[in-house]
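Working notes for the structure below.
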Amino acid sequence: MSADRERREILIATIADLLDGIRHVAVGASSPIPAAGAMLLRARNELCGKPPVRISILGSQAHNFFTNGGIELFDCAAQGRVDAFFLGGGQIDGQGNINLVGTGDYPTSHVRWPGSFGSAYLYHLIPRVILFREEHSPRVFVPKVDFVSARAITPEVPRRGGPYALLTNMALFDFDREAGGFALRSVHPPFTPADIMENTGFAYREPEVVCETKRPDAATLALLRGRIFDELAETYPAFARTMMRAA
């Protein structure tokens with residue numbers, strides 16, 4: 001089996017577990033792995049007779065209830081009708097702040113990224129924001145971001161949103177709101193806690209015993225490689241083809 005496919009299947013199944021219990025999940029553009037995780041949760045709930053899950057994938061015709069893109073997403077979030085969302089960043093620091101603008105002193109940044117868009121707004125409104133970034137390296141996970149596109153928590157102003165978890169291609173972290181930082185929950189095979197320490201530029205809490213991230217079972221893999229990747233092909237055909245062919 002392709003190591004890349006196995007790694008991505010672990011990420012998709014982990015996302016589905018992180019989303020368990022939500023009613024409506026929104027997924028931004030260019031996010032095939034979060035979209036697949038949301039679809040996996042929806043399919044699981046249907047098969048188990050659990051409450052239905054609504055998915056809004058920006059850019060999708062078949063899996064999107066919005067007709068006006070981000071504007072409706074922002075309205076729904078403000079009304080408390082979006083339970084989960086995904087954010088990433090060119091940089092993410094140990095307090096959960098994200099940087100989508102660039103590196104260096106703004107406005108003379110020497111590396112520029114797409115921009116903050118509505119990240120600061122959505123971060124504080126949606127209860128279960130999952131930070132997702134496949135690359136796990138010290139250049140991404142820094143002690144302090146160069147520019148704050150979205151601040152994780154503001155103790156003086158209570159918010160219903162904020163970071164819920166951080167998922168990378170190497171590990172899964174929980175966010176401790178009281179401590180204002182991350183705690184390592186599990187490490188994806190074949191990586192070790194030492195690998196995570198070496199590749200993370202910020203401090204985090206580590207338990208005495210670090211668990212290995214659970215691999216998807218046979219039933220989950222069958223669902224992924226059948227229904228889920230078929231559904232995903234409508235929005236992300238190249239990614240779906242790659243996953244289905246990478247045997």
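Heavy atoms only: backbone and side chains are in, while hydrogens, waters and symmetry mates are out. Quick caveat: nothing in here was measured; it's all calculated off a predicted structure.
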pair [X]-[Y]: side-chain heavy atoms closer than 4.5 Å:
X	Y	value
Ile130	Leu19	yes
Asp146	Ser109	no
Leu11	Glu134	yes

Exceeds 12 heavy-atom contacts within 6.0 angstrom, atom [atom1] of [X]:
X	atom1	result
Asp105	CG	no
Glu178	CD	no
Leu47	CG	yes
Arg139	CZ	no

For the atom pair [atom1] ([X]) and [atom2] ([Y]), what is the distance rounded to the nearest 0.5 Å?
X	Y	atom1	atom2	result
Ile12	Arg7	CD1	CZ	10.0 Å
Asp174	Leu184	CG	CG	9.0 Å
Asn199	Glu135	CG	CD	9.5 Å
Phe85	Leu131	CZ	CG	11.5 Å
Gln91	Trp113	CD	CH2	4.5 Å
Ser31	Phe239	OG	CZ	10.5 Å

Phe66 and Phe74 aromatic centres sub-6.0 Å: no
Could you note down all residue pairs passing side-chain hydrogen bond (donor to acceptor under 3.5 Å, both in side chains) where residues 40-57 supplies at least one of them, sequence neighbours left out? Asp17-Arg44, His24-Ser56, Arg42-His63, Arg42-Glu231, Glu46-Arg227
Sidechain-backbone polar pair: [X] side chain, [Y] backbone, donor-acceptor under 3.5 Å:
X	Y	result
Arg159	Ile153	no
Asn97	Val148	no
Ser2	Arg5	yes
Arg185	Phe173	no
Tyr236	Ser30	yes

Residue among Tyr164, Phe141, Phe202, Tyr204 satisfying ring pair (Phe, Tyr, Trp, His ring centres under 6.0 Å) with Phe182: Phe202
Does the side chain of Glu234 pick up a donor-acceptor pair with the side chain of Ser60 at under 3.5 Å? yes
Same hydrophobic cluster for Phe132 and Ile126, using side-chain heavy-atom links shorter than 4.5 Å among ILVMFWY? no
Shared ILVMFWY cluster between Leu166 and Val27, side chains joined below 4.5 angstrom? no
Return the orientation label for the Tyr106 and Phe147 ring planes: parallel under 30°, perpendicular over 60°, tilted otherwise. tilted
